[in-house]
Amino acid sequence: MKNSQNLYDVSNEVDIIDFLVDNNAMIKDFSRSQLSWFFVGESFHVILYLAEGEKPKFERFIIERFAENINDMIHLWNHFDKRIQNCQETRVLKLAKNKVHDLIAMSETFRALFNREDFEEE
């Protein structure tokens with residue numbers, strides 16, 4: 001996945017597990033894939049637990065100032081869409097894609113909430 005300055009694919013599982021524990025959201029059922037998402041300040045975090053592959057794994061994506069960085073949100077939405085088209089973990093990836101879509105649709109509301117006038121134009 002292409003990284004920009006505002007989009008990060010964090011795959012260090014220890015860091016991801018620490019983040020989940022710190023946010024009181026550690027998964028309890030490791031038998032199926034799951035989605036967690038959080039706002040930390042103006043950052044949007046998507047955490048996937050993917051149980052269906054050869055080796056179960058965690059993935060985390062972070063978009064800093066997500067309400068302003070719509071291009072990065074669209075890039076993340078496209079990333080999930082491509083993986084769905086490749087039949088990878090479709091159930092949980094559709095959930096993640098839909099959450100990103102919802103936030104893109106609500107970006108003006110979030111910018112107003114964060115009191116931002118300057119934002120990335122399409």
Side-chain angles (χ1 to χ4, degrees):
M1 172 176 202
K2 179 184 159 216
N3 289 322
S4 73
Q5 69 181 17
N6 299 313
L7 177 66
Y8 305 96
D9 174 3
V10 180
S11 57
N12 181 328
E13 291 194 349
V14 172
D15 290 343
I16 295 169
I17 291 168
D18 286 346
F19 180 80
L20 288 169
V21 169
D22 290 347
N23 285 282
N24 202 21
M26 188 59 193
I27 65 170
K28 294 171 180 44
D29 179 5
F30 290 92
S31 68
R32 64 182 181 90
S33 296
Q34 298 182 49
L35 165 72
S36 294
W37 57 273
F38 299 89
F39 297 115
V40 178
E42 294 183 38
S43 298
F44 174 57
H45 297 248
V46 176
I47 298 150
L48 303 172
Y49 175 69
L50 305 173
E52 297 172 16
E54 289 180 23
K55 179 184 176 207
K57 65 180 180 176
F58 285 95
E59 293 180 0
R60 178 170 62 173
F61 302 89
I62 305 167
I63 298 187
E64 304 289 341
R65 296 174 65 169
F66 72 94
E68 299 168 39
N69 294 309
I70 300 304
N71 286 337
D72 289 336
M73 293 291 285
I74 292 169
H75 181 75
L76 184 58
W77 185 89
N78 285 328
H79 171 75
F80 291 143
D81 189 53
K82 286 177 187 169
R83 289 175 69 181
I84 291 165
Q85 290 174 16
N86 290 328
C87 298
Q88 299 175 342
E89 303 270 3
T90 57
R91 182 191 61 81
V92 73
L93 288 171
K94 283 180 181 178
L95 292 172
K97 178 183 156 186
N98 290 341
K99 178 48 66 182
V100 172
H101 180 268
D102 292 347
L103 293 177
I104 290 169
M106 296 175 56
S107 62
E108 287 186 38
T109 302
F110 280 106
R111 282 193 296 275
L113 178 68
F114 297 137
N115 197 22
R116 298 270 189 220
E117 297 297 324
D118 56 328
F119 60 91
E120 185 177 308
E121 289 286 341
E122 293 300 310

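Side-chain atoms are counted along with the backbone in the values below, which use heavy atoms only and exclude waters and symmetry mates.
- If you run side-chain contact (heavy atoms from CB on, under 4.5 Å) between F58 and each of L20, N12, D15, L50, only L20 comes through.
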task = Mind running side chain to side chain contact (heavy atoms under 4.5 Å, CB included) on V100 and W37 for me, showing each step along the way?
result = CA-CA 10 Å; V100 172; W37 57 273; over 6 Å; no
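- With T90 contributing its side chain and C87 its backbone, the two residues share no donor-acceptor pair below 3.5 Å.
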task = I would like to know whether I84 and K97 meet side chain to side chain contact (heavy atoms under 4.5 Å, CB included); could you show each step before the answer?
result = CA-CA 9 Å; I84 291 165; K97 178 183 156 186; 3.9 Å; yes
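- In this structure, NE2 on H101 lies 7.0 Å from CH2 on W77, to the nearest 0.5 angstrom.
- Remark: F19 CZ to R60 CZ distance equals 5.5 Å, nearest 0.5 Å.
- Under the 3.5 Å distance criterion, the side-chain polar atoms of E52 are left unmatched by any main-chain donor or acceptor of S33.
- Looking only at side-chain heavy atoms (C-beta outward), N98 and F80 stay at 4.5 Å or farther from each other.
- For the pair M73 and I63, the tightest heavy-atom approach, listed with the atom from each and the gap, is SD-CD1, 3.4 Å.
- Smallest separation of non-hydrogen atoms from R91 and Q34: NH2-N, 4.3 Å.
- With values rounded to the nearest 0.5 angstrom, I17 atom CD1 is found 12.0 Å from D22 atom CG.
- Residues A25 and S36 come closest through the heavy atom pair O-OG, 4.4 Å.
- Looking only at side-chain heavy atoms (C-beta outward), L76 and F66 stay at 4.5 Å or farther from each other.
- Heavy-atom contacts from other residues, nucleotides or ligands closer than 6.0 Å to CD of E108 number 12 or fewer.
- No side-chain heavy atom of Y49 sits under 4.5 Å from any side-chain heavy atom of I16.
- Summarising the geometry of N69 relative to E64, their closest heavy-atom pair is ND2-O, 2.7 Å, with the distance given to 0.1 Å.
- Applying the side-chain hydrogen bond (donor to acceptor under 3.5 Å, both in side chains) rule to Q85 yields the partners D81; only residues at least two apart in sequence or on another chain are considered.
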request  = Could you please spell out the steps behind the ring pair (Phe, Tyr, Trp, His ring centres under 6.0 Å) verdict for F110 and F39?
outcome  = CA-CA 11 Å; F110 280 106; F39 297 115; 5.5 Å; yes
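- Interatomic distance, E59 CD to R83 CZ, rounded to the nearest 0.5 Å: 4.0 Å.
- Note: the hydrophobic cluster containing I47 does not contain V14 (ILVMFWY, side chain heavy atoms under 4.5 Å, direct or indirect links).
- Under the salt bridge (Lys or Arg N to Asp or Glu O under 4.0 Å) criterion, D29 pairs with R32, not counting sequence neighbours.
- Scanning both residues, A51 and F30, for their nearest heavy atoms gives CB-O, 4.0 Å.
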